[in-house]
Amino acid sequence: MSNSITETAASVVQARSRIRSHIYQTPLLPARHIGKSNNSTVLLKAENFQHTGSFKFRGAMSKLSAQSSDVRLITASSGNHGIAAACAAQTLSRDVTVVLPETVVKAKLEKIKAYGVNVILHGGETGLAEQYAQHLAATEGYTYISPYNDPNIVAGQGTIGLEILEQCEHVDNVFVAMGGGGLISGIGSVMKSFSPRTKIYGVSATNTKALAASMAAGRVVETEHLPTLADGVAGGMDVGSITLPLAMAVVDEVLECTEEEIRSALRTLAYEENLIVEGSAALALAGYEKASADVAGQTSVLIMCGANVDRDFVRKEIFGLR
């Protein structure tokens, strides 16, 4: 077994001891309808109920709790990572600067500001904001917090895997949406270390599949990024990201899903399981539906990674209203 997998799993255990009192151990909910038609047990790991509404809070808490108090921290994200880093900073009484694009949605800007962190607006889109944050880190003595390309971030996300193993005696499969790879690298490292029989399915959105394409190429590659309902997994990857070799080591199979498959999964979760989640969480179900014949009769865990959606998204994409 790769040392990086076992080392990552060990760091997950350490991270859990640091963040356990701050995070919410989310429930593993038995699906009411999903999987019943093929005699399967489907369990939903409800990170949509985590503090800040997504799994990102785990990684942010892990990173901030591992830093000495005199380190100046900076990050960039107008989404779940930025909100999580801001909340973690408030929780731990730390100073964090969050760089946001000038086009950031006002509601997200106000949510991040409400945690009392320093906010800098720069650039017309998130990529430019990230570049500026990295520039400030290099020139002004900040430590940059990547949303995924950081051992402490990966370790924090991996605590989900430890909880799953405690909550369920036997797990045949885990379905995880793939963005930058922090979530699947952390969970996968835990599973391959403590439950090697468990199969890890990485689920990629057809419209933005940087990690899947990079895994296929064996190196980080540029891909086209089209709009996607699973906006939490959108975007490219850092060259040299630690998550690429980890993902290649722990992921057993990659599945790719279209926008229509993601939309269908969003509606299934809302109508059949009473869960309103974001598109990246529905992506895990879309992958499960694609592999349902292969996993019939087995126990599968789907990671419901977040639920930060606005009313317009719910009205239009879930309930089909205009």
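Side chains included, hydrogens not; waters and symmetry mates left out as well; all remaining heavy atoms used.
- A perpendicular orientation is assigned to the rings of Phe57 and His51, their planes being inclined by more than 60° (bins at 30° and 60°).
- The distance from the OH atom of Tyr148 to the CD atom of Gln157 is 13.0 Å, given to the nearest 0.5 Å.
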Below 3.5 Å, can you tabulate the donor-acceptor pairs from side chains in residues 66-74 to any protein atom, sequence neighbours excluded?
unit_1 : atom_1 : unit_2 : atom_2 : d
Ser68  : OG     : Asp70  : OD1    : 2.6
Arg72  : NH1    : Glu140 : O      : 2.5
Arg72  : NH2    : Tyr142 : OH     : 3.1

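- Remark: the Thr268 side chain and the Glu273 side chain contain no N/O donor-acceptor pair separated by less than 3.5 Å.
- Salt-bridge formation is detected for the pair Glu166/Arg16: a Lys NZ or Arg NE/NH1/NH2 atom is positioned less than 4.0 Å from an Asp or Glu carboxylate oxygen.
- Between the side chains of Asn80 and Glu278, at least one donor N or O lies within less than 3.5 Å of an accepting N or O.
- Taking a cutoff of 4.0 Å between a charged side-chain nitrogen and a carboxylate oxygen, Arg58 and Glu47 qualify as a salt bridge.
- Of the candidates His22, Arg18, Arg94, Ser65 forms a side-chain hydrogen bond (donor to acceptor under 3.5 Å, both in side chains) with just one, namely Arg18.
- Ile160 and Ile19 fall into different hydrophobic clusters, defined by Ile, Leu, Val, Met, Phe, Trp and Tyr side-chain heavy atoms under 4.5 Å apart, directly or through other members.
- With sequence neighbours left out, Glu253 forms a side chain to side chain contact (heavy atoms under 4.5 Å, CB included) with Lys199, Tyr201, Leu255.
- Take Ile242 and apply the side chain to side chain contact (heavy atoms under 4.5 Å, CB included) test, not counting sequence neighbours, and it matches Asn149, Pro151, Val154.
- In plain terms, the two heavy atoms of Ala284 and Met304 that are nearest each other are CB-CE, 4.5 Å.
- Here the rule is side chain to side chain contact (heavy atoms under 4.5 Å, CB included) with Met178, and of Thr208, Val203, Val254 only Val254 fits it.
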